[in-house]
Amino acid sequence: MANIKSAKKRINVIAKKTALNKARKSQVKTAIRKFEESLVAGNKEEAMNNFRSAEKKIYQVAAKGTMHKNAAARKVSKLAKKLNTIAG
């Protein structure tokens, strides 16, 4: 355990940021899972809506710094490719 006051504060800040990042990653995973479930069900309209919401959530998380912007773009691209298989 830290003895210095500023180090104790940093421990609290890190704990808060870790919890926030964990929650954001969970939200992204949930959005992706919903999209993939709608793909498996074969529902194009629902898949499109879920894709849009997943894309938005992924880019929001990237903007906050939880995920790298290139990783976010890669994930969205992968989802778009899956969407195009059902749409095409």
Side-chain angles (χ1 to χ4, degrees):
M1 184 65 198
N3 291 325
I4 299 165
K5 190 175 182 180
S6 63
K8 289 179 183 177
K9 286 182 182 178
R10 289 305 302 162
I11 289 170
N12 290 335
V13 169
I14 290 167
K16 284 180 191 174
K17 286 189 176 194
T18 301
L20 215 80
N21 286 340
K22 206 170 188 180
R24 287 178 182 152
K25 286 180 185 178
S26 178
Q27 289 173 347
V28 167
K29 288 177 189 175
T30 302
I32 290 172
R33 182 178 45 77
K34 282 183 181 179
F35 167 71
E36 289 176 345
E37 284 174 356
S38 62
L39 273 183
V40 171
N43 191 343
K44 285 185 184 181
E45 192 63 37
E46 188 181 343
M48 282 293 292
N49 291 335
N50 287 338
F51 171 74
R52 284 191 200 106
S53 63
E55 180 184 27
K56 183 178 179 183
K57 180 56 70 178
I58 290 169
Y59 282 134
Q60 282 175 342
V61 167
K64 295 290 182 182
T66 301
M67 181 189 300
H68 193 275
K69 65 175 187 164
N70 289 356
R74 187 175 63 243
K75 282 184 187 287
V76 170
S77 175
K78 192 175 175 184
L79 295 179
K81 195 172 182 182
K82 286 182 182 180
L83 182 64
N84 289 337
T85 60
I86 195 173

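No hydrogens, no waters, no symmetry mates; every other heavy atom, side chains included, goes into these values. The residues of the chain are indexed from 1 along the displayed sequence.
Partners of Ala62 according to the side chain to side chain contact (heavy atoms under 4.5 Å, CB included) rule, which considers only residues two or more places apart in sequence or in another chain, are Ala72.
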Show which side-chain atoms of residues 13-25 pair as donor or acceptor with protein atoms under 3.5 Å away, not counting sequence neighbours.
{"unit_1": "Thr18", "atom_1": "OG1", "unit_2": "Ile14", "atom_2": "O", "d": "2.7"}
{"unit_1": "Asn21", "atom_1": "OD1", "unit_2": "Thr66", "atom_2": "OG1", "d": "2.8"}
{"unit_1": "Asn21", "atom_1": "ND2", "unit_2": "Lys17", "atom_2": "O", "d": "3.4"}
{"unit_1": "Arg24", "atom_1": "NH1", "unit_2": "Thr66", "atom_2": "OG1", "d": "3.3"}

Hey, can you pull the donor-acceptor pairs under 3.5 Å for the side chains in residues 35-42, sequence neighbours left out?
{"unit_1": "Glu36", "atom_1": "OE2", "unit_2": "Lys82", "atom_2": "NZ", "d": "2.6"}
{"unit_1": "Glu37", "atom_1": "OE2", "unit_2": "Arg33", "atom_2": "NH1", "d": "3.2"}
{"unit_1": "Ser38", "atom_1": "OG", "unit_2": "Lys34", "atom_2": "O", "d": "3.4"}
{"unit_1": "Ser38", "atom_1": "OG", "unit_2": "Phe35", "atom_2": "O", "d": "2.7"}
{"unit_1": "Ser38", "atom_1": "OG", "unit_2": "Asn50", "atom_2": "ND2", "d": "3.3"}

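One finds the OG atom of Ser77 at 10.5 Å from the CD1 atom of Ile58 (value rounded to the nearest 0.5 Å).
Judged as a salt bridge (charged side-chain N to carboxylate O under 4.0 Å, His left out), not a single pair has a partner in residues 52-78 (not counting sequence neighbours). Sequence neighbours left out, not one pair with a member in residues 11-30 passes ring-ring contact (aromatic ring centres under 6.0 Å, His included).
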